[in-house]
Amino acid sequence: MTDALRLASDIADVPGVGARSRLAFARLGIATVGDLLKHLPLRYETHKAATSIGETDRTIPRLLEGTTKDVIAVTGEIAALRIQPGRRHRIEATLDDGTGTVRLVWFNAPWLAKKLHAGQPGTASGKAKRFHGYLEMTNPTWSPTDTALAATPSAADAAPAPSGADDRLRPVYPANEDLSSQRIERAVESVLEAAIPQIVDALPAPLRDARRLMPLADAYRTLHRPPEPGAIEGARRRLAYDELFLLQLGVMLKRSHVRVENLAPPLPGSAAIDARIRARLPFTLTKDQDRVIAEIVEDLGGTVPMNRLLQGDVGSGKTAVAAYAALVAVAHRHQAAIMAPTEILAEQHFSSLQALLASSDVRIELLTGAKKGKARAAIVDAIASGEAPIVVGTHALLSDDVSFRALGLAVIDEQHRFGVAQRAVLRGKRGEGDSARPLIPHTLVMTATPIPRTLALTVFGDLDVSTIREMPPGRAPVATRWLPPSESAVAYADVAARIDRGERAFVVVPAIDESDTGLADVSSHLARLADGPLRGRRLAPMHGRLSQPERDDVMRRFRTGDLDAIVATTVIEVGVDVPEATVIVIEHADRFGLAQLHQLRGRVGRGQRPGTCYLIGEPLTDDARKRLEALVETTDGFRLAELDLLIRGPGELVGARQSGLPPFRVADLTRDLAILRDARDDAAALVARDRRLAHAEHLLLKRKLLATYGEALGLVDVG
Ligand code: ADP
Ligand code: MG
């Protein structure tokens, strides 16, 4: 039967699994034999050959409370048994093998009680330790020797590993309460020999050899059944390389495709243009703004379409940079479009551009979903005729009937709210050029969420990156105070005092509704404040269950001063700019991520008056405490982003999560940087040789690439 198993076979066809366990496997993401092979161990344990209790007792020093490094197996007879039922279920058994006794303790394993009785022979395996002088094993694996019992399905959980436990490495698989690591191990054992030869290695052999990588089948075999500890790292390296290489390949193909298949209008800068633009701006650009503008102008001057990410912390002055780039396009009689993810942000850009360019006669139009009928038709016409040189808008700009006469530059704010696909639509809004090489606008993507370098190379790898680190002068820094919940009154007293001086406040809570989590929620927290420290002030709720128009309305009232404070969930996170908002209180701050807290803090201190951010929280974990400490210590978004990567790991980062890319299984960007660089170089070289992956030796690779990233990266057109 095993012979007939294919990688695509249903997991239920695996001997010993069966239909009953199918759901349990499915919960771990395992539907097929191939999925099972990809379900890799988290770590390994060394299992020692069976030993005697007396021997073990001697190896752990009497007076020290030490633990054996390895997993040991001891066989004996249950001499005594005590079961403590209830919520904190505990089983305590004494195992005696004639040379000594060891206490076996299981917590919260009520099902095991049925399998244990005094006088029963069996083997316990696990780590042994000395506890108050006694030899003890906590939650060991119990394998009754009684064959009749071992054969019943209910005892299967505890049965020993298939090939015995003589001094070997045992894999520990990600498991859950329905499916133990041992059962996964047995399922893997029963398919390994049949499945391994079916693994197809898509990586071209010359590449594999050049990087000294082991064959893919060997890597899987090694990870599931390591011959020795030293072999594991090489196998892991092979799989990490594969993941990183495949993503880099996708990103490079995408990049080369955009660059080679399309033309952009050359919009070169000049001293005259530069002088004219600077004369219009109400301030002197910072050194960083100057530098990124030089990078952008360099791109704009060429026919290769710019595809650049502009990252800079909140308030670092990205809008002025976008305005500069837009004016370069306008100087060449081309149009510029600036797209924001929400109406309120589009309006905000519109008014800041108007203020910025107040001394010029360049016309700026605003196109959002709110514009209807005649007003909308007039703007759409002005866009089509070219009379509107700069257009700010939401995704309303992407509507079918919107087309530009000569779109030279597309600026997209807050990148990760828009997918790769939407970027492509905006690029396609310029319908000129011959069909073989369409003319597309230069693209500038702006984000306030700093992207750590490693991530910039992967998720956003098809973009060139420009970075603003320096803040414009005269910015009052935001002070950050961390208070325990018992002292939150201090924060709200400050909020009340500021409101009475004409300033405004944000209060952020983690939940929308009262829930059994016991966390503060928007409505009850608002009621508490309105009845207490903020009595008499004008408060409004804001959360994700309000419609976008309702949210925009609250924001507008807050901006104009009709409201004193907003009690919100994290929906206020992105980009909102209210100079009078000087204080933000974040309840349960320990519940939020570092990047998120930093973004929230960026909502205040945007005017002349100094801002304060109160973090209310009592962190329960070390990580949460580190996050709050980091925030108190620095306001540098880039440092915080790097710290975040270290504390949380790359999969959790905003950019990675919202990119729509599947997460890595093996690669870990915090430690696989060298592999990432190799993979990137190799991918670039391969794309340079075979831009369409058309060579026969790249066919497997291409198939795998399209299956994995085709959709997320919009690669369908590569083939
Ligand atoms: P971002 O979009 O990067 O969050 P903005 O472009 O909105 O930041 O700029 C924040 C504020 O700083 C705005 O009020 C803007 O007018 C101002 N600003 C931008 N650049 C400068 C500069 N070089 N000198 C002084 N003020 C500046
Ligand atoms: Mg901005």
Side-chain angles (χ1 to χ4, degrees), residues 274 277-296 308-327 336 338-342 344-360 364 366 390 392 394 409 411-418 444-451 465-478 504 506 555 559 572-582 584 595-596 598-611 613 635-638 640-641 654:
D274 181 66
I277 296 175
R278 282 174 197 271
R280 281 175 190 159
L281 296 177
F283 42 68
T284 309
L285 295 167
T286 63
K287 271 209 312 293
D288 274 12
Q289 283 171 320
D290 276 338
R291 183 174 39 74
V292 303
I293 283 173
E295 289 163 1
I296 290 166
R308 187 169 285 278
L309 177 72
L310 172 58
Q311 55 172 347
D313 224 332
V314 282
S316 61
K318 296 184 293 295
T319 313
V321 172
Y324 187 109
L327 290 174
I338 297 169
M339 184 160 82
T342 64
I344 188 87
L345 287 174
E347 281 173 19
Q348 192 171 290
H349 272 305
F350 177 67
S351 50
S352 39
L353 280 173
Q354 275 188 323
L356 217 51
L357 304 178
S359 69
S360 84
I364 307 170
L366 175 67
I390 299 182
V392 181
T394 54
L409 172 71
V411 179
I412 301 174
D413 196 14
E414 295 303 345
Q415 145 84 354
H416 30 261
R417 292 279 192 97
F418 294 108
L444 181 67
V445 171
M446 302 198 292
T447 179
T449 308
I451 296 158
V465 179
S466 290
T467 303
I468 307 182
R469 274 179 170 271
E470 169 194 20
M471 287 285 172
R475 189 66 49 81
V478 178
R504 282 162 229 165
F506 292 108
M555 268 327 292
R559 209 165 48 177
I572 58 155
E573 196 179 327
V574 180
V576 179
D577 193 356
V578 180
E580 294 81 4
T582 60
I584 182 166
Q596 210 172 16
H598 178 62
Q599 286 294 313
L600 288 169
R601 178 168 62 179
R603 297 305 109 225
V604 299
R606 299 176 66 84
Q608 311 299 318
R609 284 178 278 203
C613 169
T635 51
D636 180 344
F638 289 91
L640 290 172
V654 177

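Everything numeric in this text was worked out from a predicted model, so none of it was measured. Counting convention: from 1, in listed order, for ligands and their atoms alike.
- Near Leu285, the atoms of ligand 1 lying under 4.0 angstrom from a non-hydrogen atom of the residue are 23 (N).
- In terms of heavy-atom proximity, Val478 sits nearest to Arg601 at CG1-CG, 3.8 Å.
- The two residues Thr286 and Pro472 make their nearest non-hydrogen contact at CG2-CA, 3.7 Å.
- For Ser316, the closest heavy-atom approach to ligand 1 falls below 4.0 Å.
- In terms of N/O distances under 3.5 Å, ligand 1 is not approached by Leu356.
- With respect to Glu470 and Arg291, no salt bridge is recorded, no charged nitrogen being found less than 4.0 Å from a carboxylate O.
- Annotation: salt bridge (Lys or Arg N to Asp or Glu O under 4.0 Å) contacts of Arg280 (sequence neighbours excluded): none.
- Residue contact check: Thr284 has heavy atoms under 4.0 Å from atoms 22 (C), 23 (N), 24 (N) of ligand 1.
- Atoms of ligand 1 lying under 4.0 Å from at least one heavy atom of Thr319, given by number and element, are 2 (O), 5 (P), 6 (O), 7 (O).
- Geometrically, ligand 1 and Gly317 share a nitrogen or oxygen pair separated by less than 3.5 Å.
- Residue Thr286 approaches ligand 1 through these ligand atoms, each under 4.0 Å from one of its heavy atoms: 23 (N).
- Partners of Thr467 according to the side-chain contact (heavy atoms from CB on, under 4.5 Å) rule, which considers only residues two or more places apart in sequence or in another chain, are Gln311, Val465, Arg469, Phe638.
- In this structure, of Lys318, Lys287, Met471, His349, the residue bringing a heavy atom nearest to atom 3 (O) of ligand 1 is Lys318.
- Counting all heavy atoms, side chain and backbone alike, Arg609 lies closest to Glu580 at NH2-CG, 4.2 Å.
- Using a 4.0 Å heavy-atom cutoff, Gly315 is listed among the residues neighbouring ligand 1.
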query: Taking it one step at a time, do Ile338 and Phe350 satisfy side-chain contact (heavy atoms from CB on, under 4.5 Å)?
result: CA-CA 9 Å; Ile338 297 169; Phe350 177 67; over 6 Å; no
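- If you look at Met446 next to ligand 1, there are no close heavy atoms at all, none under 4.0 Å.
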